[in-house]
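Every chain is numbered from 1 and lettered A, B, ... according to where its sequence line falls, protein lines coming before strand lines.
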Amino acid sequence: MSVVSIGRATRPHTEPAVADPHPGRGLLQDEPLIFELDAWEKTGVDFPPEELGEAPDGSDLAGLTRAEPLALPGLSEPEVMRHYVRLSQKNHAIDLALYPLGSCTMKHNPRLNEKLARLPGFADLHPLQPVSTAQGALALMDTLAHWLKTLTGMPAVALSPKAGAHGELCGLLAIRAAHEARGDARRTVLVPTSAHGTNPATATHVGYQVEEIAQTADGHVDIADLAARLNEDVAAVMVTNPNTCGLFERDVIEIARLTHAAGAYFYCDGANFNAIVGRVRPGDLGVDAMHINLHKTFSTPHGGGGPGAGPVVFSAALAPHAPVPWITHGEGGFALVEHAEGEAAGALGRRCAFHGQMGMYVRALAYMMSHGADGLRQVAEDAVLNANYVKARLSGVMTAAYPDGPCMHEALFDDRWLEGSGVTTLDFAKAMIDAGFHPMTMYFPLVVHGAMLIEPTETESRRELDRFCDTLLELAAAVRAGDTERFTGAPFHAPLRRLDETAAARKPRLRWTG
Amino acid sequence: MSVVSIGRATRPHTEPAVADPHPGRGLLQDEPLIFELDAWEKTGVDFPPEELGEAPDGSDLAGLTRAEPLALPGLSEPEVMRHYVRLSQKNHAIDLALYPLGSCTMKHNPRLNEKLARLPGFADLHPLQPVSTAQGALALMDTLAHWLKTLTGMPAVALSPKAGAHGELCGLLAIRAAHEARGDARRTVLVPTSAHGTNPATATHVGYQVEEIAQTADGHVDIADLAARLNEDVAAVMVTNPNTCGLFERDVIEIARLTHAAGAYFYCDGANFNAIVGRVRPGDLGVDAMHINLHKTFSTPHGGGGPGAGPVVFSAALAPHAPVPWITHGEGGFALVEHAEGEAAGALGRRCAFHGQMGMYVRALAYMMSHGADGLRQVAEDAVLNANYVKARLSGVMTAAYPDGPCMHEALFDDRWLEGSGVTTLDFAKAMIDAGFHPMTMYFPLVVHGAMLIEPTETESRRELDRFCDTLLELAAAVRAGDTERFTGAPFHAPLRRLDETAAARKPRLRWTG
Amino acid sequence: MRYLPLSDRDRAGMLAVIGAADIDALFADVPAAARLAGPVDLPLAAGELEVERALSALAAQNRAAGAGPFFCGAGAYRHHVPASVDHLIQRSEFLTSYTPYQPEIAQGTLQVLFEFQTQVGALLGLPVANASMYDGSTACAEAVMMAARVTRRGKAILSGGLHPQYAAATHTLAHSAGVETCRLATAIDAEDAVVAAIDADTACVVVQTPNVFGSATDVSFIAQAAHAAGALLIVVVTEAVSLGLLKSPGEMGADIAVAEGQSIGNGLNFGGPYVGLFACREALVRQAPGRLCGETVDAEGRRGFVLTLSTREQHIRRDKATSNICTNSGLCALAFSIHLSLLGGVGLARLARLNHARARALRAALTAIPGVEALTPRMFNEFAVRLPTSAAPLVEALAGRGVIAGVPISRLDPGGGLDDVLLVCATETTTAADIDALAGALAEELAR
Amino acid sequence: MRYLPLSDRDRAGMLAVIGAADIDALFADVPAAARLAGPVDLPLAAGELEVERALSALAAQNRAAGAGPFFCGAGAYRHHVPASVDHLIQRSEFLTSYTPYQPEIAQGTLQVLFEFQTQVGALLGLPVANASMYDGSTACAEAVMMAARVTRRGKAILSGGLHPQYAAATHTLAHSAGVETCRLATAIDAEDAVVAAIDADTACVVVQTPNVFGSATDVSFIAQAAHAAGALLIVVVTEAVSLGLLKSPGEMGADIAVAEGQSIGNGLNFGGPYVGLFACREALVRQAPGRLCGETVDAEGRRGFVLTLSTREQHIRRDKATSNICTNSGLCALAFSIHLSLLGGVGLARLARLNHARARALRAALTAIPGVEALTPRMFNEFAVRLPTSAAPLVEALAGRGVIAGVPISRLDPGGGLDDVLLVCATETTTAADIDALAGALAEELAR
Ligand SMILES: Cc1ncc(COP(=O)(O)O)c(C=O)c1O
Ligand SMILES: Cc1ncc(COP(=O)(O)O)c(C=O)c1O
C-alpha cells in the first residue's frame, strides 16, 4: 500500500488497499444484467385484456409464428427505473464535468432543444404522411439548410446523412458522380496521415484507393507532397480543417487550388467546424464538399454514441449530384424530391430511407437560433480561447506537440514529457479519471507520439478550466515525483478498476448466455 | 484500522483509513455553493435587448426601487446543469434502492404521471381563468373526488389541503365548526402516544388542548383509557389507522362508537391508507374525517420534502362544514363554489388561495386509473405481504416490537436486540447507508424503545427485499461479532461522514454569508 | 400490473416464508364486517396508453394559458420557465427522495435548501429564510400565528390590498386559534389605513406590495407605526418577480416577509403546487415555522448541511411545535432555486423591467379604449381597470373570442362593490400581438 | 449568451495568460482573405422564449400523427412508448456522454449495450448483434457490403418486396463499391422469385418479411437455395414488433439479419433518428460493421464491459475497416432496450397480437367498402388495398378531412404501376373510432 497524495493537494490521504467506490456500497449501487433479475415470465407493459384472446387464426399467420416463445425478461416499471438509474450513475457525462475528448466537441447540450424536439408536431410525425400535412417540418429543414449554407458560404446542402462518416460517404459519392458524369473514372483519394480513421475508411468503402499525404513538422499538410501526388487518377483530396492537430491549415486555399488544377475535388472534413463557425466560411476556401457533425458544432447530444447527423454542404460543381431527398418550394408550399430521376437524374442516389435525422435538425436549429450570427461567432472565439488557455497553462510542464503559434479549438500534447517516467499516456489518462475528469483523446492523431488531444469547448467556465489545469499539473508533478503506481494502477476511484480489453478481444463474449 | 467484512459477504475487504467515496474523486464531483462560483455579474437568461432600455420612469415606480441591485449569482446554463446534476448524485432516492422509511410510503413514482401533469391543459392553466375555459380541470378534480369517496366509503371530500398536516388542520377545523354550529365549545382532543407529531401539533395549532391516550402492550389504543378520558369537553379523538406501529386498530369500530357516544368526532389519520386501500373503507369503520396523503398512498413524488396533497374525506355529519372551494355540476357544466357564504355558509372557511394541488391531482388520478379497483386492492395486499415478509425474515435476529400476529404495511422493531452491544439504533441505521440502503424510520413511534420502523411498500421486488434482509442480517451478525467500530463510525461510504447536528443547532448558520 | 413487481409465484413463496395460509390471514385484525369481499365499484386497471388518452382528453378541454392572448394574474403569474429547470427537477435523485432526514445521503437536497434559503433571504431582504411553505397564502397565515406567539397579542390587521383569498385563509386559521383578524375594506390604494387600526393588542399588520390591485407601496412608514406600537410588520408579496426591481420587504422594515414563489421556476398548475417563501428577522428564528437547513461539518471536518433547529417542529416538539407543517414544497423550492440561479440578480432585474415594460404597453393600449380607465397607481406588471360594464360577463364573452382577458375582482371579492373592475397582468410572455388582440376584442365587445 | 460561461472579464484575463493581444491573434493562421469581419447574414441571438415560440409555431404547422385517425406504416410505425423510456434516456449520464471509450467511467452505457446486443440477438434469432447502426436501411446496405466481403462475390439479389428506399440506399452504396444489385420487380407476394435469380456470383439474397406490402413469408426455402449456391441470406425486418409473434430471421436460416428498431422505444420523428439492428452468425463476426460490446473483468476480477473487436473498425483499421461507421444510434438503442426490457418476451408477444388484431379489424372495415380489395396475404399489422381510384390524390383528400389514410405505394415506387394501391397499417394506438373514421371518410370520398 503506497501513500500518495491525490486530487487537489489540500487533502492528502492514504490510498486504500482496494479501490473505491465499490458498487454496492453507499450510494453507488451494484446492478446485475436484466437477464439476472428473474423476470422471464413477467411484463412491465399492460394491454387491454379483452383483445388479447384473439390469437392470430389460420387465415393470416399460420405456420409463421415462433416455435418457442421469445425469451426476454420483462421488468416492472419500478425495476426498470432502478436498473437504468443505477447504471447511469456509472457514466461520466458532460453534465458532470469537463469532457475534453479532442475531435469530439463535447459541449453543453441545451435542454430547450430536447424539449422542442419532443413537440408532437415534430416527434409524432410520420415521414411518409402527405407533405401537405408536414409543411412545418419541411420549413424547418429548409431554414436549417439556409443557416448551414450561409454559415459555410456554400450553395447547396444535403441534410440526410446520419452522422459525420455517413456524410463523408455522401461527399465522396457526389464526387464520384461528378467524375462519372464527365466519364472520368478516377480511383484515388489523397488523405493526410493525421486524418480521422473515417476518412480512409470512407474512401475505400466506396471503392477508392487511399494514398497518404505527408505532414510537415509543424502539423500541416505537406503541400509539396500533395502536389507531387496529385494526378489524373486522383478523384479527391480529403483534408480536415481545422485539422486533427488542432491547427488551421494555413495553405488551405492553395490546397484547393492545386486540387482543382488536377481535376480533383476538395473534400473537407468539417468535424472541427466549431473552431471557425461564424468567423470563416469554408466556401471562401475553395471547398467542394464538407460534412458538418450537428452533434459536434451544433450541440445535439452524443447520447453515449449517437445518434448524430452529418449534413454535407456542396460547391456549385457538386450540387447537382446531391442525393435525394431535397426540398423545393413552390406555389403549394414546400415539396420533397424523393426520387433520383427526371430533374433529379444527376443525384448520386439515395443514402437512407426517409429524410434524415429530423430530431437532430430541430435541436441544431434551436441551437443556432439561440446563438444567432453573433453568438455563433462567439462560440468559435471562446472555443479557441479556451483551448489556447489550456495550452498556455499546461505547456510549462507537458510538451505541446506544436508549441509555436496558437492552436484552434484543441490543444495537442505528445508524450515526450513522460519519457523515462514509467508512465504512459494511457496511465496518465486513467489517473485523470481518479481526479474526476474524463481523459482527453489519446494516441490520436497518429502523427504525434502518445498524443493527448484536449478540446475543452466554449461551454467551459474559466473556473472549470482552472480546476482541470490544476489537476493535470498536480498529476504531472506526481509523475515527476516518481509516484508511478498512482498511474499504472489507475483508476482507483472509478466504479471499476482498469478493464482487461485484451481478454475481451481474445475470447469475445458479446451477449449474455446465462 | 479494523478489518471487517461489509456488504454481501462474498467480497470482504479492508476498511480504508478514511472514508470513500470522496467528492472530487472518480465520478463523484465536489461542488461548491452557487455563491462561490464567481457569477455575481452574469445571467443565464437572455432577454430581448431592445426592450430593456425602457427603465421604469418616474410615473410608476419612482422611489420604490431597490437602493442596491439584488446581489445573487446568475450562472450560465452549462454551469447550472453541472451544479444540480452533481448535487443530485449525493442523494439517495427511491429510484436508486429500497427506501424503507416507515410511515412515509416511499413507493415507485410512475413517470406517466409526471408526463400527464405537464400537459399544457393542466400545467399551463390559471386558477382564476373563467371556469368555462377549465372544464377539463374541474372534471378531473370531480373524478378524483369520486375515486377518493368510493375508496373510503365517505360521502364528501375536501381536495384543497396541501399535505397531510394541512389536511389534519382541515379535519379539526371542520370538527370545530360542527361543534360550534351546535353551540358546543369543546376544548380537548385525545391523541394516542404513538401518534405522529403532526397530530398533537395540529390540535394545539387550532386552539385545542391535547390529551394522550395510553397504548396497550400489544400496540393498540387502550380502549379502557380512551373510555375513561372521553367526556363532554372532548371535541375529537384522533387515531391513526393502521397505526404507526404498523398494526390495524382491531377495536376501531368500538373506538368510533365510544367517541360518538361522547358527542365527539372521530378523526382518522389516513397516512397509512396504503395498507388497506381497496380492502377496507374507513367509512365502514365510523370515521368522521380522514386525510389522505396523495404523496404516500397515491404515489405523487415526495420531491425531497414536498409538495404533497392531503385531501380530507368527511362523514355526512361533517360534510356541510368542508372548506371552500368545492365543485358543483349543473346545466352549464362544472362550477366552483369559492366563497363560504350563502349555500356554503356552513363551510369552515378557506384554507389557502386557489383550489389546491392540481399538479398532484393529475398524478394521483393517473395512478388510480392505472391500478383500477383491482390493482389498488393488490397494492394493499402486496404492501402488507412485503412488510410481513421482511418481518418474518428479520425476526430471528432483530426484536420485533409486536411479534405476535401479522403487521400491516410496516414492520416495527425495537432495540432490545442491540442491548449491551455498544451499537445504537442510529449507529445501525448509519451502517445501512454504507451497505447501500436508506435507513428505516428511527425512534418513532415513541412508544417503542429505539424504534426501527420498516415500510418496504408494494413496489419492491422479492429480489430487492431479499437483498435488503440479507444486508440487515449480515449487519446484525457484525453487531453480534462485536464489530462496533463499523457502526459507531458509520457511514464510511457516503459522500460525507456522519454530520454534526449538535454543532449545527448550537450556532445556526442558515445562509451563506461569504 | 406494470407497477407491481411481485409475480404470483413470488407471492406464494413469500406467504410460505411468513407462514400465512393466504393473504387474508395478514388482514386478520380487520373486523370482519369491514372486510371488502372484492374490488370497490370503480373501473379496473388500465394500460398506460388508455390512461394517457383519458387524461389527455380532459386536458384538451381546458384552454391553456399559452394557447392565445392571456392576461390573468392576481396571485398566480405566467412566466417563462427555462427548459433546464423542469429537466433538473425531474432527476430521480431530486424527484423521488424524501425529506433529507439522513444528511449523509441527502447532501444534494440539503445544499439546494441552503442555497434556496440564502436566495430567499436576499430577495426578501431578511437574514433568515426557511426551507419553504406550501404557498404564499398559507405562509401568510403561519406568519400571523407566529406574530401572535412572538408578541403574545391577539389581533392581526390585514390591509385592504391583501389578496382576499390570503385574507380568508389567514382568518380561518387564526380565528380557530383565537387570534382575531381585522381586515380593512378592499381598496386599491389605501395601505396607509392600517396605521390607524393599530392598537395595543395588535400582534401584527399584514400589508401586500404590490397589492392585489397591482399597486406597489413603500411600507416603511407602516413598519415604523407598527414597531412603535410593539407590533410586527408582515409584508406579503405575491409576484416574486417584482423583487428584481422593487425594494425588498426587509429594506422597508418588515419583521416577517412571506411571498408566493410560483413566479420563479414554477408553472401555473391551476393553482398548485406552489411554493411559499418565508423569511424573518434573526431574533425571531426560534418561533419560525417550517424546516431550516443549516451548515455544519462531518466527522472529517468537511462542510455539510443538515436540517436544524428542529426542536421547533412537530416531530420533536409535538403539541408545543411552532407549526404542524411536515411535508412542504421541496421540489417547487428546487425549481425556484434553479431558475433564480440562472437569472441571478442581473437577470431578475431585467426580467422585472421587461414585465413592467409590457404592462405599460398593455395599459397604454387598454386606456386608449373609450370608457376604460386604469385605476392602479405605482403599477409593476398588473393593474386594475374600470370598465363601463360588469367585468365577469365581459371576461366570459372575451373568452368565447379566444382571449382570456384577466380576473374580475368580483371573483375574489364578490361583495366588494367592484363589479366593473378587471385585473389585468402582462409578463415577458405577453406579446404585442396579444395586447392588440385584447384591445381589439375589448373595444369590439364594449361597442356592441 | 446563456450557453457561454465566459464573461468579458474572463476573456480578457485569459488572453493575458495566453499572451495574445486579442482574439484575432488566435486566428492568425486563417488567410486574411477568408476572415469574416463581422457576423454572417443571419438573425442575432434570441432568448429561449423567442426560440421556443418560433419553433413551436413550425411544429403547429404539422399534423401530428396522434392528433387524429392515422394509418401510415411502410417502414415507420406509430407505437406507444412508455413514459419511463423517454424519462430515462434523458438522464444526463446517458444523454450527454460520448461513445464509451473509457470503460471504467462508462459502465452504464456499456452494460446497456451488452444487454441491447443480447436482446437484439434473441429477437433476430442470431448469436451476434452489434451495438446499433444508423437505421434499418443503412444496416441493409452494410449487410450487403459485408456479404460481398465474406463471399468475395459481386452481386446482391434484392427481393421485390424489399422497401424501395432500402433498395435504393443499398444500391447507391453497393454500386459505388462495385457490387451489383439486382432488384426484382415490385411484387406483393413473390419472395420466391429470388430463388431463380441466384447464380454463382451471388453474394447474397435480401428478403424482407413482413415485406413492404405487409406480407410475412417463411423464408427458410430461400435460405436453403442461397446456401446451396454459396450465397448468404440477409433478412430485413422493418416492423420489429412483428418479431414478438413471427419466426425470427435466424430461425428461418438467415446469415445476417437487419431490422429497423424504431418501433420499439422510438417515436416517428419524421423519419429519424432511428436505430438499425444488425445481427449475424458467429462465424461472420469479424466482418461485421459497427461497434461491439464485450464482457471482461477489471483488475480486481469484477465483471465489466468494454468495446471490443475494434480491429474491424475505422479508428484502428482505417482504410481496411469493415465499415466507416463511427457515431451510431446509441441513445435510440438505449430507448429500444429500455422499452424491450419493460415488454419482455411476454409483453412483446401480446403487443404483436394486439397489433395484428387491430389490423384485422381495419381490414374488415375497409374491405366492407365496395370497390376496396385487400391484396396482402399473411398480413401482420399492415396491408395493401386496391382502390377503385388513384391512391395519392385520395390520401390528400382524406387528409383534408382530418384522416391520414396511409401511404400510397406510388410515393415509394412511382414507376411501379401500382397507383391504385394504398398501404395501411394499424397498431395498438389505433382505436375502433379511428377505424370507423377512416372507413367512413373513405366510403364517402369513393362515393363522390
Ligand atoms: C475529424 C473527424 N472526422 C470524422 C468523424 C466521424 O464523425 P461521426 O462520428 O459523426 O460519424 C469524427 C468523429 O469523431 C471526427 O472527429
Ligand atoms: C402518520 C402520519 N401522519 C401525518 C403525517 C403528515 O403528513 P404530511 O407530511 O403530508 O403533512 C405523516 C407524514 O409523515 C405521517 O406519517
Side-chain angles (χ1 to χ4, degrees), chain A residues 43-45 54 70 72 74 84 87-88 90-95 119-121 123-128 130 133 136 162-163 165 197 200-202 204 206-207 210 248 284 303-308 349-350 353-354 357-359 372-373 375 389 392 406 461-462 494 496-497 499 504 509 511-512, chain D residues 5 10 14 18 26 29 34 39 42 44-45 58-59 61-64 72 88 91-93 96-97 99 103-105 107-109 118 134 137 165 168 172 176-177 267 269-273 294-296 298-299 304 308 314-315 318-319 321 324 327-331 342 344-347 357 407:
Chain A
T43 177
V45 182
E54 272 202 49
L70 179 62
L72 282 175
Y84 292 98
L87 289 187
S88 75
K90 292 170 189 161
N91 275 359
H92 186 84
I94 187 71
D95 282 354
L119 290 174
D124 190 25
L125 203 63
H126 193 284
L128 299 176
T133 66
K162 294 195 164 259
T202 300
T204 51
V206 295
V210 172
F248 193 93
D284 295 341
R350 169 176 280 280
F354 314 128
Q357 308 286 74
M358 184 65 182
Y389 183 71
S461 66
R462 180 172 183 180
L496 290 181
R497 295 287 300 278
L499 284 151
R509 299 167 59 112
R511 62 175 173 145
W512 180 85
Chain D
D10 291 330
M14 291 164 70
I18 295 165
L26 303 181
D29 280 345
L42 287 167
L44 298 185
L58 286 182
Q61 289 169 32
N62 303 318
R63 196 288 209 171
C72 294
L88 284 166
R91 293 261 317 159
S92 290
E93 298 90 331
T96 75
S97 58
T99 304
E104 296 86 359
I105 47 173
Q107 284 299 302
T109 294
T118 306
Y134 304 134
S137 67
Q165 295 189 337
T172 302
S176 74
N269 287 317
F270 203 52
E295 185 182 322
T296 187
D298 81 348
T308 192
Q314 48 75 25
H315 63 284
R318 302 179 69 83
D319 57 334
N324 77 334
T327 291
N328 57 19
S329 206
L331 202 72
L342 279 164
V346 171
V407 180

*Using atom types as modelled and distance alone, determine if a side-chain donor or acceptor of A/Asn91 lies under 3.5 Å from a backbone N or O of D/Glu93.*
yes
*asked:* So which residue, A/Gly44, A/Gly74, A/Pro307, ends up with the most heavy-atom pairs under 4.5 Å with chain D?
replied: A/Pro307
*Who pairs with A/Asp284 by salt bridge (charged side-chain N to carboxylate O under 4.0 Å, His left out), at least two apart in sequence or on another chain?*
A/Arg281
_Using a 4.5 angstrom heavy-atom cutoff, name the option from A/Pro120, A/Ala123, A/Pro130, A/Gly308 with the most pairs to chain D._
A/Ala123
_Contact class of D/Ala321 relative to chain A, heavy atoms under 4.5 angstrom_ = side chain
_Please rank D/Gly108, D/Gly294, D/Gly267 by heavy-atom pairs under 4.5 Å with chain A and give me the top one._
D/Gly108
*Could you state the interatomic distance from NE2 (A/His92) to OG1 (D/Thr96), rounded to the nearest 0.5 Å?*
8.0 Å
*Considering only heavy atoms, which portion of D/Leu26 lies under 4.5 Å from any heavy atom of chain A: side chain, backbone, both, or neither?*
both
*Taking only residues two or more places apart in sequence or in another chain, which ones pass salt bridge (charged side-chain N to carboxylate O under 4.0 Å, His left out) with A/Arg511?*
none
*Mind ranking A/Ala353, A/Gly304, A/Ala392 by heavy-atom pairs under 4.5 Å with chain D and telling me who comes out on top?*
A/Gly304
*Is a donor on one side and an acceptor on the other found under 3.5 Å between the side chain of A/Ser88 and the backbone of D/Arg91?*
no
*Give the member of D/Ala34, D/Ala177, D/Cys72 that has the highest number of heavy-atom pairs under 4.5 Å with chain A.*
D/Cys72
*asked:* Between D/Asp319 and A/Pro200 (side chain of the first, backbone of the second, donor and acceptor by atom type, cut-off under 3.5 Å), is there such a pair?
replied: no
*Between D/Thr172 and A/Arg350, is there a donor-acceptor pair closer than 3.5 Å when you use the side chain of the first and the backbone of the second?*
yes
*So what's closer than 4.5 Å to chain A heavy atoms on D/Thr308: side chain, backbone, both or neither?*
side chain
*Once you round to the nearest 0.5 Å, how far does NZ of A/Lys90 lie from OG1 of D/Thr109?*
12.0 Å
*asked:* Let me confirm one number: the CD1-CG distance from D/Ile105 to A/Leu496, rounded to the nearest 0.5 Å.
replied: 11.5 Å
*Can you tell me if D/Thr118 uses its side chain to pair, donor with acceptor, with the backbone of A/Trp512 under 3.5 Å?*
yes
*In terms of heavy-atom pairs under 4.5 Å, which option from A/Ser461, A/Ala163, A/Ala373, A/Gly359 contacts chain D the most?*
A/Ala373
_I need the residue from A/Gly303, A/Gly375, A/Gly349 with the largest number of non-hydrogen atom pairs under 4.5 Å to chain D._
A/Gly303
*Which bit of A/Leu128 comes within less than 4.5 Å of chain D, counting heavy atoms only: side chain, backbone, both or neither?*
both
*Which one, D/Arg63, D/Gln107, D/Glu104, leads in non-hydrogen pairs under 4.5 Å with chain A?*
D/Glu104
*asked:* Using every non-hydrogen atom in the two residues, find where D/Ser92 and A/Asp95 come nearest and quote the distance to one decimal.
replied: OG-OD2, 2.5 Å
_Spacing of OH belonging to D/Tyr134 relative to NZ belonging to A/Lys162, to within rounding of 0.5 Å_ = 10.0 Å
*asked:* Do A/Thr202 and D/Asn324 pair up side chain to side chain, a donor and an acceptor below 3.5 Å, judged on atom types alone?
replied: yes
_Looking at chain D, which one of A/Gly372, A/Pro127, A/Gly207 has the largest number of heavy-atom pairs inside 4.5 Å, strictly under?_
A/Pro127
*Against chain A, work out which of D/Leu44, D/Val346, D/Thr99 has the most heavy-atom pairs shorter than 4.5 Å and name it.*
D/Leu44
*Looking at D/Gly345, D/Ser176, D/Ser137, which one has more heavy-atom pairs under 4.5 Å with chain A than the rest?*
D/Ser176
*asked:* Can you tell me how far apart OG1 (A/Thr43) and CG (D/Leu342) are? Round to the nearest 0.5 Å.
replied: 7.5 Å
*Among D/Ala45, D/Pro39, D/Ser329, single out the residue with the greatest number of heavy-atom pairs under 4.5 Å to chain A.*
D/Ala45
